[in-house]
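These numbers come from the heavy atoms of this one structure, side chains and all, not from hydrogens, waters or symmetry mates.
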There are 2 protein chains.
Amino acid sequence: MESTPVTPAEQLLTHDTVDRCARADPEHPRPDGQDRYTISEVAAHTGLSAHTLRWYERIGLMPHVDRSHTGQRRFTNRDLDWLSLVGKLRLTGMPVADMVRYADLVRQGEHTFEERQALLEQTRRDVLGRIAELQGTLAVLNYKIDFYAGARRASERA
Amino acid sequence: MESTPVTPAEQLLTHDTVDRCARADPEHPRPDGQDRYTISEVAAHTGLSAHTLRWYERIGLMPHVDRSHTGQRRFTNRDLDWLSLVGKLRLTGMPVADMVRYADLVRQGEHTFEERQALLEQTRRDVLGRIAELQGTLAVLNYKIDFYAGARRASERA
DNA sequence: TATGACCTTGGAGTGCGCTCCAGGCAAGCG
DNA sequence: CGCTTGCCTGGAGCGCACTCCAAGGTCATA
């Protein structure tokens, strides 16, 4: 991960500081400047369907995406960074409505830092709770798997 | 019906060995023998709605529940045990269809131990993967929360 | 015995997160 | 030029896991 001093790549992310963290593992297909991806390229890169990418834009989960002269979407490296963050938030189980809220806050600028932080802190609490839940289920799964394994070994010996 | 040695409480669970693990933390409202709960008692105890309990039965996720002479459901401690297991499996994120499959295997008897074990082992793999995913998201959340906290401290100093 | 809370059923409705469709435009190729 | 491929849009449809409704029967208390 990164500390406060920023790498040259990160400094290009002028849209909002919020985008930076996605640069933890950038690995963009093309260098900044030649970064104009079609929707199917982005779909392949992110694993999301083109449908889903269009839908994300419709519901306000993507900042409005550049268009070619004929109106086709052209995604940038920054869009990829944003989608990477969205992917992480999606993995947390955060509802799409909350991600949209977060996107709104980002659009509104730096005076929303506090609310953004609160939103992410709530999400972190949710994640920690979910991990604890899952670890509780592991205890049961382990117990029952052991039971079945033991019962099957016993019946083979019989 | 059972093979391996069990505690007295566990010996009452004649329906299937699979119910045992739920007895890890029994704490039933009433002792066995006086265990005839109405649907709303079970709803209060489990946190599931009465609607959901009826629906579970309809789709085959509950063994058929006892009825009073007038046709009202009367749940037993064993039903509570089963619901406790179902609750754990639900927390794992296992799809309801898979839980129904597991319930079918339980109904079919001991010759399905192998498949039950395989189902639970797959579930355990899923859970471990999910925990890893969530821990990955924690790294991002921590990074961004720290960023916002730092930015706000900096602006307060300014 | 009357009132009101609780229970029954089959089936319809809801909210979420996509997923797909129809109809049409635009670019590349033989 | 025609064909294929890829993209566009608004809106409909889907799968999941509930959630609720209507219409009626039952139970406990006064």
Side-chain angles (χ1 to χ4, degrees), chain A residues 29 36-62 64-76 79 82-83 85-104 123 126 130 133 137, chain B residues 29 34-62 64-76 79 82-83 85-104 123 126 130 133 137:
Chain A
R36 292 181 64 74
Y37 308 100
T38 66
I39 198 166
S40 57
E41 286 171 328
V42 176
H45 185 74
T46 61
L48 298 167
S49 73
H51 294 300
T52 300
L53 289 168
R54 291 191 199 101
W55 178 68
Y56 277 4
E57 193 181 352
R58 261 197 272 183
I59 65 176
L61 189 45
M62 282 294 295
H64 279 298
V65 176
D66 269 10
R67 301 300 173 117
S68 71
H69 67 106
T70 54
Q72 297 195 353
R73 288 174 185 79
R74 291 292 179 262
F75 294 80
T76 64
D79 294 328
W82 174 254
L83 284 169
L85 172 60
V86 166
K88 290 290 186 187
L89 292 180
R90 199 173 51 130
L91 285 179
T92 66
M94 183 188 270
V96 167
D98 289 2
M99 293 194 271
V100 170
R101 172 77 187 140
Y102 185 82
D104 280 346
T123 302
D126 293 346
R130 185 88 184 96
E133 268 180 5
T137 70
Chain B
Q34 286 91 57
D35 55 336
R36 292 179 64 73
Y37 308 99
T38 66
I39 199 167
S40 58
E41 286 172 328
V42 176
H45 185 74
T46 61
L48 298 167
S49 73
H51 295 301
T52 300
L53 289 167
R54 292 190 199 101
W55 178 67
Y56 277 5
E57 192 182 351
R58 263 196 269 183
I59 65 174
L61 187 47
M62 283 292 296
H64 278 299
V65 175
D66 268 12
R67 300 302 172 116
S68 71
H69 68 105
T70 55
Q72 295 194 352
R73 289 175 184 80
R74 291 294 178 260
F75 293 79
T76 64
D79 294 327
W82 174 254
L83 284 170
L85 173 60
V86 166
K88 289 292 185 186
L89 293 180
R90 198 173 51 129
L91 286 179
T92 67
M94 183 189 269
V96 166
D98 288 3
M99 293 195 271
V100 171
R101 171 76 186 142
Y102 186 82
D104 279 346
T123 302
D126 294 346
R130 185 86 184 97
E133 268 180 4
T137 70

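- With C:dG17, D:dA17, C:dC6 as the choices, the nucleotide that has an atom nearest any side-chain atom of A:Pro95 turns out to be C:dG17.
- To the nearest angstrom, P of C:dG15 lies 16 Å from CD1 of A:Ile59.
- Closest to the side chain of A:Arg73, from the set D:dC8, C:dT9, D:dC7, is D:dC8.
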Measure all distances between protein nitrogen or oxygen atoms and nitrogen or oxygen atoms of nucleotides 19-22 of chain D, and list the pairs falling under 3.5 Å.
none

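- The separation between A:Phe75 atom CZ and D:dC7 atom P is 10 Å, rounded to whole Å.
- Checking C:dC18, D:dC8, D:dC18 against the side-chain heavy atoms of A:Arg90 singles out C:dC18 as nearest.
- For the pair B:Asp79 and B:Asp66, the minimum side-chain heavy-atom distance is 4.5 Å or more.
- The minimum heavy-atom distance linking B:Ala43 with B:Ser49 is given by the pair CB-C, 4.2 Å.
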Enumerate, atom names and distances included, each donor-acceptor pair closer than 3.5 Å involving a side-chain atom of residues 90-98 of chain A, sequence neighbours excluded.
{"from": "A:Thr92", "atom 1": "OG1", "to": "A:Leu89", "atom 2": "O", "distance (Å)": "2.3"}
{"from": "A:Thr92", "atom 1": "OG1", "to": "A:Met94", "atom 2": "N", "distance (Å)": "3.1"}

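- Mapping A:Met99 and B:Gly71 onto DNA chain C via the closest heavy atom, the residue that lands nearer the 5' end is B:Gly71.
- In this structure, CZ of A:Arg67 is placed 6 Å from P of D:dC8, rounded to the nearest angstrom.
- The shortest heavy-atom contact between A:Val65 and A:Arg73 is CG1-CB, 4.1 Å.
- Phosphate proximity of C:dG17 to A:Tyr56: absent, as no side-chain N or O sits under 4.0 Å from OP1 or OP2.
- Checking D:dG6, D:dC8, C:dC7 against every side-chain atom of B:Ser40, the shortest atom distance belongs to C:dC7.
- For the pair B:Leu83 CG and D:dC18 P, the computed distance is 12 Å after rounding to whole Å.
- Spacing between atom CG of A:Leu53 and atom P of D:dT9 amounts to 12 Å, rounded to whole angstrom units.
- Residues B:Asp126 and B:Thr123 have side chains that never bring a donor and an acceptor to within less than 3.5 angstrom of each other.
- Atom pair B:His64:NE2 and C:dT8:C1' shows a separation of 16 Å (rounding to whole Å applied).
- In this structure, B:Arg74 and B:Thr38 have side chains that are in contact, with non-hydrogen atoms separated by less than 4.5 Å.
- What separates CG of B:Asp66 from P of C:dT8 is a distance of 13 Å, to the nearest Å.
- When all heavy atoms of B:Leu61 and B:Ala103 are compared, the pair lying nearest together is O-CB, 4.3 Å.
- Inter-residue side-chain proximity for A:Phe75 and A:His45 is flagged as unmet; no heavy-atom pair is nearer than 4.5 Å.
- Two residues are said to be in side-chain contact when any heavy atoms from C-beta on lie closer than 4.5 Å; A:Met62 and A:Leu53 fail this criterion.
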Are any protein N/O atoms closer than 3.5 Å to N/O atoms in nucleotides 26-29 of chain D? If there are, list each pair with its distance.
{"from": "D:dT26", "atom 1": "O3'", "to": "B:Thr70", "atom 2": "OG1", "distance (Å)": "3.4"}
{"from": "D:dC27", "atom 1": "OP1", "to": "B:Thr70", "atom 2": "OG1", "distance (Å)": "2.7"}

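- In this structure, B:Asp98 atom CG and D:dA17 atom C1' are separated by 14 Å, rounded to whole Å.
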